[in-house]
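All of these numbers come straight from a predicted model, not from anything done at the bench. If you read the sequence from its start, that first residue is 1, and numbering goes on from there.
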Amino acid sequence: MGGRWNAQGKRTTKGNPWRRRTLNHMLLSPRMVGWRVYNPTTVPLQKRDIIGPDGEPVKGQYDAILDEDVWLAVVDKRTNDDRLGAGEYSGKRKYWLSGLIRCGNCGAKMNGMAQPGNRFIYVCRDGCGKNTG
């Protein structure tokens with residue numbers, strides 16, 4: 001995602017390359033429809049709008065970019081449980097024994113670490129710093 005924009009030299013407002021998470025964050029933000037946002041990280045982004053005493057979202061001091069119905073359709077498309085890859089756990093361990101094996105020198109947990117040539121080693125990160133390489 002964002003590959004074509006990055007290839008054309010287009011960057012985010014902070015000058016960074018576009019990434020899937022950046023675009024998703026932008027599209028799901030209630031600011032797209034001009035609503036004010038409060039950011040507790042325990043609440044999904046699309047539900048972080050501030051609700052006023054009348055039970056309606058509070059309008060921000062900026063114009064809406066999208067119509068509310070269009071934005072709600074985008075949010076549904078991007079967060080629907082039927083979308084491709086929904087429910088898949090992507091935080092799998094890359095190095096299967098990370099955190100499970102212990103250093104033979106000091107007994108601390110060892111974590112996997114990439115090496116050149118598509119190789120890896122386990123490193124004692126919390127203790128003596130020795131490795132399996």
Heavy-atom distance under 4.5 Å between the side chains of R78 and N24, does that happen here? yes

Do the side chains of L27 and W5 join up, straight or via other hydrophobic residues, at under 4.5 Å, putting them in one cluster? yes

Are R11 and N16 close enough that a side-chain donor and a side-chain acceptor fall under 3.5 Å? no

Going by the rule side chain to side chain contact (heavy atoms under 4.5 Å, CB included), which residues pair with R102 if we only count those two or more places apart in sequence or in a different chain? K109

Is it the case that one hydrophobic cluster holds both V37 and V43, taking links as side-chain heavy atoms less than 4.5 Å apart, direct or via other members? no

Could you report the tightest heavy-atom contact between S29 and L45, atom names first, then the distance? N-CD2, 3.9 Å

Result block: side-chain N/O donor-acceptor pairs under 3.5 angstrom for residues 55-70, not counting sequence neighbours:
from	atom 1	to	atom 2	distance (Å)
Y62	OH	W35	O	2.9
D67	OD2	D69	N	3.2

Could you list the residues that satisfy side chain to side chain contact (heavy atoms under 4.5 Å, CB included) with A114, not counting sequence neighbours? Y95

To the nearest 0.5 Å, how far apart are CE in M26 and CE in M32? 5.5 Å

In this structure, which one of N131, I101, L100, N111 forms a side chain to side chain contact (heavy atoms under 4.5 Å, CB included) with Y122? I101

At their closest point, which heavy atom of S98 faces which heavy atom of G112, and how far apart are they? OG-N, 2.7 Å

Shortest non-hydrogen separation from C103 to C106 and the atoms involved: SG-N, 3.5 Å

For P44, give me all partners under side chain to side chain contact (heavy atoms under 4.5 Å, CB included), at least two apart in sequence or on another chain. Q46, K47

Residues in side chain to side chain contact (heavy atoms under 4.5 Å, CB included) contact with T22, at least two apart in sequence or another chain: T12, W18, R19

Measuring from D49:CG to Y38:OH, what's the distance to the nearest 0.5 Å? 13.5 Å

